[in-house]
2 protein chains.
Amino acid sequence: MADTDVQNGAESAAKVRTLADLARIAGVSAGTVSRALAGNSLVNTKTREKIEAIAREHGFRPNQMASKLRRQKTGVIGVAIPLGHDVRQQISDTFFMTLLGYLADELTEKGYDLMLRRVIPAQDEDWLDRFIGSGMVDGVIVIGQSDQFERIEDVADGYLPMVVWGNHQEGQRHCVVGSNNRLGGKLAAERLIASGAKSLAFLGDTQPIEFAARYAGAKEVAAKMGVAIRPLPTHLSPERTGEEIAKHLREIEGKVDGIFAATDTIAVTCLKELRERGMEVPGQIKIVGFDDLPISSQTMPPLTTVRQDIAAGAKGLVDLLLRRLEGEDTESLVLPPHLVLRETA
Amino acid sequence: MADTDVQNGAESAAKVRTLADLARIAGVSAGTVSRALAGNSLVNTKTREKIEAIAREHGFRPNQMASKLRRQKTGVIGVAIPLGHDVRQQISDTFFMTLLGYLADELTEKGYDLMLRRVIPAQDEDWLDRFIGSGMVDGVIVIGQSDQFERIEDVADGYLPMVVWGNHQEGQRHCVVGSNNRLGGKLAAERLIASGAKSLAFLGDTQPIEFAARYAGAKEVAAKMGVAIRPLPTHLSPERTGEEIAKHLREIEGKVDGIFAATDTIAVTCLKELRERGMEVPGQIKIVGFDDLPISSQTMPPLTTVRQDIAAGAKGLVDLLLRRLEGEDTESLVLPPHLVLRETA
DNA sequence: CAGCAAATTGCAAACGATTGCAATTGTGCG
DNA sequence: CGCACAATTGCAATCGTTTGCAATTTGCTG
């Protein structure tokens with residue numbers, strides 16, 4: 001006791017950086033301190049309380065690196081956002097960012113930390129292996145397949161704890177969570193046609209696999225109903241897209257009366273361009289978007305769109321990943337999108 | 001050589017998990033492998049190439065935990081988002097998320113990883129100390145002071161490598177990067193008055209320190225010009241805000257002809273409510289927002305707003321943090337906001 | 001009070017990479 | 001041919017925690 005006090009006086013709030021330091025002050029061994037701080041072990045209640053008190057007093061926190069090294073797990077989940085097509089855009093893409101927010105929530109709740117990594121595959125062939133092999137993460141969530149489908153497939157064979165947000169394809173080997181994009185495309189086309197459109201256009205890049213599926217769904221419905229549909233490629237970010245869309249609109253004027261936008265962001269920009277050209281929505285031309293972002297209910301008129309349930313997606317990603325961390329080889333999870341009927345179609 | 005081949009044949013692509021494994025195959029010591037892989041050291045070029053080849057062949061990556069433990073630095077910057085007032089909102093707040101995207105870029109470029117942590121201070125008193133003391137990050141960036149100004153101040157005294165996005169206040173002790181909110185508020189109010197408004201309102205919560213400063217700036221200008229201004233508190237998220245704003249609008253109808261919204265998000269919602277009530281913008285009532293989000297140029301009519309340069313903010317945060325990691329006690333960085341003249345005022 | 005089981009605690013070996021210092025090999029030159 | 005010196009490489013300690021096993025203490029029972 002006296003000894004403790006002396007030490008206290010001498011080093012006071014000085015430096016208790018290691019278990020050993022704390023152990024010396026408490027007059028026990030490092031092992032005991034470790035167990036005490038771990039909480040649940042077999043240390044005497046009295047000893048534990050004493051140790052906890054000292055730890056609190058000195059603001060001691062065990063070194064995570066050492067801990068992680070020893071127990072061979074990090075408590076960190078890596079979240080990678082591959083930026084395949086449209087480099088600057090995707091990271092600020094509202095949808096992905098919102099998903100990221102929910103992911104942070106879910107992971108925090110399960111006691112994991114989140115390590116975020118933007119990746120430009122074109123500049124770094126090896127991104128996924130590097131992330132996984134870094135030893136810094138227990139598992140990986142990839143947000144968006146971008147144009148990296150093959151690379152992800154390759155890795156999936158040898159690495160269980162990985163889940164991907166994106167599109168599901170028959171027979172694929174990596175575990176994916178995502179909306180049924182094809183179905184979403186169908187819903188959109190059906191709605192456009194039901195509200196009177198006679199000739200459709202898909203506004204957006206059809207390269208990314210998710211968009212391709214949306215377009216395919218719409219095309220299927222269009223074909224069945226005997227309606228034409230054409231793709232009108234654009235980029236994603238409003239700044240660059242405005243002009244592109246305006247150009248498309250000039251060309252299709254009078255030939256198209258129903259637009260399915262690959263994304264709400266695109267739909268909103270389109271809506272604005274239409275209004276500037278004096279086209280009435282939904283009178284002369286109808287629009288359906290995809291995502292149901294917060295803005296979409298704030299446009300004038302409010303946007304009819306296909307809703308993806310972001311919160312459910314995040315929860316799915318985390319649940320599946322945790323099960324994979326336990327060794328289970330989980331199936332993919334495909335979420336049903338829902339048509340949100342507002343006023344543009 | 002023969003020995004190497006045998007081992008190769010036996011364990012082949014098997015398990016080269018540690019430096020020691022690799023060293024055995026290469027017929028050197030672990031230390032040499034470490035130096036070789038580190039690249040720049042004093043190993044014989046030939047030896048290094050051989051080691052690199054083997055490493056590549058086996059897809060070997062050194063264990064980061066061990067490395068970090070040994071060198072006592074992690075190469076990771078923690079990014080904390082404290083959710084003080086409006087829990088669910090902030091994380092999906094477009095502004096913060098965009099900032100986060102740019103931060104990820106900047107940090108990646110400088111060779112750091114980013115560890116994201118959402119924090120609910122009300123549930124976790126100790127969040128900042130925990131994050132810092134965890135030993136998992138070399139430095140911390142806090143996005144938004146929320147209602148945690150005091151706690152951040154406390155920590156700043158004893159912890160250099162921390163930079164905060166937020167509002168700068170005379171004499172504060174923590175290093176902050178942010179827009180000059182007061183000036184922004186002035187710009188907004190000046191514009192509203194210049195375009196003919198006779199009675200102003202500030203739409204948004206005045207508790208958060210950034211918003212308080214914006215309001216203060218506007219109030220100063222209003223006072224000088226002999227114009228009234230009143231605060232109209234709201235939450236941030238569109239879902240909950242719509243009704244609040246509608247209620248405010250009902251009450252101020254005819255009494256206010258210039259609205260300064262704390263945020264573009266709020267401004268956009270307000271714009272919609274106004275239009276639904278049949279008010280003409282900017283004819284009957286003028287609006288100025290804050291942030292200049294991508295949506296803001298897409299509204300109808302396009303929103304006049306005060307622009308914060310997010311990219312510059314991110315760059316500033318990272319630059320200052322890196323200098324602090326070197327031991328420099330940097331000053332805060334206050335960025336000038338700019339009025340973006342569009343059509344709502 | 002001996003004797004044994006249960007409850008605590010200490011010891012020391014991991015975890016895997018880094019790095020100062022010493023040992024070895026190789027080179028050039030007298 | 002031998003020596004000084006430079007270029008490489010090996011050795012072993014270290015980072016701080018965790019954890020199996022052994023040692024010690026405590027508590028009970030006959």
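All values derive from a computational prediction rather than experimental measurement. Order of the sequence lines sets the chain letters (A, B, ...), proteins ahead of strands, with each chain counted from 1.
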Taken to the nearest whole Å, CG/B:L42 to C1'/C:dC21 is 12 Å

Whole-Å distance separating the CZ atom of B:R71 from the C1' atom of C:dG20: 15 Å

Nearest of D:dT9, C:dG10, C:dA17 to any side-chain atom of B:A66? C:dA17

Please evaluate the base of C:dG20 for a donor-acceptor partner in the side chain of B:R35 within a cut-off of under 3.5 Å? yes

Any A:S34 side-chain N or O less than 4.0 Å from OP1/OP2 of D:dT18: yes

Kindly say whether B:G75 contributes a backbone atom to a donor-acceptor pair with the side chain of B:D138 at under 3.5 angstrom? yes

Measure from the side-chain heavy atoms of A:F60 and tell me the nearest of D:dC15, D:dT17, D:dG10. D:dT17

Would you check if there is a donor-acceptor pair between the side chains of B:W165 and B:Q145 at a distance under 3.5 Å? no

Which heavy atom in B:L321 sits nearest to a heavy atom in B:V140, and how many Å separate them? CD1-O, 3.9 Å

What is the distance, to the nearest angstrom, from the CD atom on B:Q72 to the P atom on D:dA13? 19 Å

So, does B:S29 get its side chain near the phosphate of D:dC11, meaning an N or O under 4.0 Å from OP1 or OP2? no

Polar pair under 3.5 Å, donor/acceptor by atom type, side chain B:R70, base D:dT14: yes

Can we say B:R24 and B:D21 salt-bridge, meaning some charged N sits less than 4.0 Å from an Asp/Glu carboxylate O? yes

Just how far, in rounded Å, is P of C:dA17 from CE of A:M136? 14 Å

Between D:dG16, D:dG10, C:dT9, which one does the side chain of A:T18 approach most closely? D:dG16

Comparing A:T47 with B:T32, nearest DNA chain C nucleotide closer to 5' gives the residue A:T47

Rounding to a whole Å, what distance do you find between A:N63:CG and C:dC15:P? 18 Å

Rounded distance (Å) that lies between atom P of C:dA12 and atom CG of A:L19: 17 Å

Would you kindly say whether A:T330 and A:R324 are connected by a side-chain donor-acceptor distance under 3.5 Å? yes

Which part of the nucleic acid, if any, lies within reach of A:V28 when heavy atoms closer than 4.0 Å are counted: base, sugar-phosphate only, or nothing? sugar-phosphate

Hey, which sits more toward the 5' end of DNA chain D by its nearest nucleotide, A:S67 or B:L69? B:L69

Can you tell which of D:dT9, D:dC15, C:dA17 lies closest to the side chain of B:N44? D:dT9

Here the distance between atom C1' of C:dG16 and atom CD of B:Q64, to the nearest Å, is 11 Å

Write down the distance between NZ (B:K50) and P (D:dT8), rounded to a whole number of angstrom. 16 Å

